[in-house]
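Because only heavy atoms are used, hydrogens play no part in the values below, and waters and symmetry mates are left out as well, while side chains stay in. Along the sequence shown, the residues carry numbers beginning at 1.
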Amino acid sequence: MIPEFEYPNLVKMSYPGSKLCKAELRAYGHPVDADSRDVHAGHETSLLSEVIKNRFTGLNTEPSIIETCMYSTTPDLRCIIDRHPRHRNIVFTAGFSGSGFKIAPVIGKIIMQLCHNERPDHNIEAFSMRRFTNVTVDKAAL
């Protein structure tokens with residue numbers, strides 16, 4: 001449910017074949033430009049309109065607003081929890097594919113422990129960015 005103040009008098013519905021199905025298929029789509037992300041193919045809109053027509057009689061079947069969820073991911077679909085390779089005082093996380101909120105309390109604790117130079121309660125080796133050995137790093141950016 002979306003907050004009342006965000007879109008008054010509207011109901012939020014998700015396209016049934018969106019992120020969940022893509023994650024299951026390991027197909028995360030293609031890179032998009034953030035400024036044009038809400039441009040949709042008619043196929044998705046027509047599928048959603050059909051669901052509304054069949055299940056919610058009397059509602060307008062055309063969407064009032066279309067917004068696309070953007071998220072970041074990694075090549076192996078696991079997040080990164082690590083320290084910067086040259087600046088050990090920098091701890092970062094990335095690539096949660098839109099699901100980081102589910103584990104935010106645990107990730108927050110791990111980040112806190114790393115920032116305090118404590119050993120994390122959880123083994124985070126599988127989330128190290130060192131697993132991407134074939135990725136070249138722009139040394140100038142470091």
Side-chain angles (χ1 to χ4, degrees), residues 1-56 59-142:
M1 196 63 140
I2 59 175
E4 173 73 22
F5 62 86
E6 194 171 57
Y7 299 112
N9 303 316
L10 294 179
V11 175
K12 179 180 181 180
M13 296 194 70
S14 297
Y15 170 62
S18 61
K19 187 168 37 172
L20 177 62
C21 293
K22 288 179 184 175
E24 290 173 357
L25 297 172
R26 299 274 195 243
Y28 278 87
H30 57 280
V32 295
D33 177 350
D35 293 329
S36 62
R37 70 181 191 179
D38 292 330
V39 176
H40 293 275
H43 178 67
E44 291 181 359
T45 304
S46 63
L47 284 174
L48 186 56
S49 294
E50 192 65 27
V51 169
I52 293 169
K53 179 179 148 191
N54 293 333
R55 300 214 172 122
F56 302 98
L59 289 182
N60 184 350
T61 61
E62 293 303 312
S64 300
I65 299 168
I66 297 176
E67 293 182 329
T68 303
C69 173
M70 292 187 69
Y71 52 92
S72 61
T73 188
T74 60
D76 64 1
L77 307 178
R78 287 183 296 167
C79 65
I80 297 171
I81 306 170
D82 210 341
R83 292 181 182 276
H84 190 282
R86 287 189 51 208
H87 305 284
R88 302 300 292 165
N89 62 324
I90 298 174
V91 174
F92 67 95
T93 63
F96 285 89
S97 308
S99 62
F101 70 94
K102 297 175 193 174
I103 55 174
V106 173
I107 298 302
K109 184 174 183 183
I110 290 170
I111 292 169
M112 182 273 305
Q113 290 170 325
L114 291 171
C115 287
H116 288 279
N117 292 315
E118 298 173 7
R119 183 180 178 156
D121 292 343
H122 302 277
N123 181 351
I124 59 170
E125 189 59 35
F127 305 106
S128 170
M129 72 176 197
R130 291 185 301 279
R131 71 187 188 265
F132 302 113
T133 56
N134 61 343
V135 175
T136 57
V137 177
D138 179 3
K139 299 290 183 185
L142 298 176

Quiz prompt | Closest non-hydrogen atom pair between L114 and I124, with its separation | solution = CD1-CD1, 3.9 Å

Quiz item: Which atom names give the shortest non-hydrogen contact between F96 and C79, and what distance separates them?
Solution: CE2-SG, 3.4 Å

Exercise. Mark yes when over 12 heavy atoms from residues, nucleotides or ligands other than R88 sit less than 6.0 Å from its CZ; otherwise mark no.
Key: yes

Self-check item: Minimal non-hydrogen separation, S49 against E62, with atom names
Solution: OG-OE2, 3.6 Å

Quiz prompt | Sidechain-backbone polar pair: H84 side chain, R86 backbone, donor-acceptor under 3.5 Å | solution = yes

Quiz item: Would you find a donor on one side and an acceptor on the other, under 3.5 Å apart, between the side chain of S128 and the backbone of D82?
Solution: no

Exercise. State, to 0.1 Å, how close I80 and F92 come at their nearest heavy-atom pair, and which atoms those are.
Key: CG2-CE1, 3.7 Å

Practice problem: Would you confirm whether T74, through its side chain, and R78, through its main-chain N or O, come within 3.5 Å as a donor-acceptor pair? | Solution: yes

Self-check item: Atom pair CZ/CG of R83 and N89 - distance to nearest 0.5 Å
Solution: 8.5 Å

Practice problem: Rounded to the nearest 0.5 Å, what's the gap from CD1 on I90 to SG on C115? Could you check? | Solution: 10.5 Å

Quiz item: Roughly how far, to the nearest 0.5 Å, is the CD1 atom of I81 from the CD1 atom of I111?
Solution: 7.5 Å

Quiz item: Which distance, rounded to the nearest 0.5 Å, do you find between the CD of E118 and the CE of M112?
Solution: 5.5 Å

